[in-house]
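Structure first, commentary second.
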Amino acid sequence: MNSESIITAQNVEKWYDNNFHVLRGVDLQVNKQEVVVIMGPSGSGKSTFIRTFNALEPYQKGQIVIDGTKLSNDLKNIETIRREVGMVFQQFNLFPHLTVLQNVTLAPIWVRKWSKNKAEEVAMQLLEKVGILEQASKFPGQLSGGQQQRVAIARALAMQPKIMLFDEPTSALDPEMVREVLDTMRNLAESGMTMVCVTHEVGFAREVADRVVFMDEGTIVEIATPEDFFNNPQEERSQEFLSQIL
Ligand SMILES: Nc1ncnc2c1ncn2[C@@H]1O[C@H](COP(=O)(O)OP(=O)(O)OP(=O)(O)O)[C@@H](O)[C@H]1O
């Protein structure tokens, strides 16, 4: 792991329109090539927090800097940020009327202005990497959930991001498909990608994460190595959470 920071969030505060104070002064620094897993009870603000990293959610106070670019709410740097930060969601969010290949090449052609040939060449490499090359000409509805999620990962990677965000990527999958998606994420981590993953998958966190961040009620309660977090949590709220999930 590289010790150079690529995400710096300082004292981030956010209120939803209904005045709900969802992020209450959150600080986090993620280093290049680091894998951070964010865990915490439902409603603690995990999704909201990572969605601020690619400007899907505005925030009202504090500062977020992504690879040297300040993420301000005037959306000035939004194109730069979105190019650098890929995201995979719980619901795969693929375009149902486009083939797998078209889903993966769409953004590189329109945003990166690549030729169709170049975009398809890169897409085929990525589909091979995530193990679904033979599905390239199918439509999302013809694939299993696990395969669709791997298309979503390939689609995000096609933009050649520096950071990948995962928001509960296996929560909508049947149990037998969870493994193939986690294996794909593990391979990506091994290739040196910087990753921030909201997930309840303890095995993945134990094996792949460099650090586990535990959030509760809009704050970060504890940050620790997986070994320390799962074997010897320091905070009472972490202990309570772990006693429910382990
Ligand atoms: N658009 C919105 N408007 C108002 N409140 C919202 C909105 N989106 C989320 N919330 C609330 O903010 C809180 C945090 O939501 P968030 O999805 O970030 O939590 P989470 O920790 O990711 O939860 P989960 O594990 O259930 O996905 C929840 O109480 C949720 O109801």
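Atoms within a ligand are numbered from 1 in the order they appear, just like the ligands themselves. Just the heavy atoms: all of them, side chains too, but no hydrogens, waters or symmetry mates, feed the values below.
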Original post:
Of all residues at least two apart in sequence or in a different chain, which pass the side-chain contact (heavy atoms from CB on, under 4.5 Å) check with L98?
Top reply: F95, Q102, N103, L106
**OP:** Could you name each residue pair satisfying salt bridge (charged side-chain N to carboxylate O under 4.0 Å, His left out) that touches residues 136-145, not counting sequence neighbours?
**Re:** none
Subject >> Pair T105-E120, side-chain donor/acceptor within less than 3.5 Å >> reply: no
**OP:** Sort out the contact shell of ligand 1: every protein residue with a heavy-atom distance below 4.0 Å, listed by chain and number.
**Re:** Y16, N18, F20, V22, P41, S42, G43, S44, G45, K46, S47, T48, E168
**OP:** Measure the acute angle between the ring planes of F214 and F241, then classify it against the limits of 30° and 60° as parallel, tilted or perpendicular.
**Re:** tilted
Original post:
Which residue pairs satisfy the salt bridge (charged side-chain N to carboxylate O under 4.0 Å, His left out) criterion with at least one member in residues 7-22, sequence neighbours excluded?
Top reply: K14-E57
Original post:
Is a salt bridge present between R24 and E217, judged by a nitrogen-to-oxygen distance below 4.0 Å?
Top reply: no
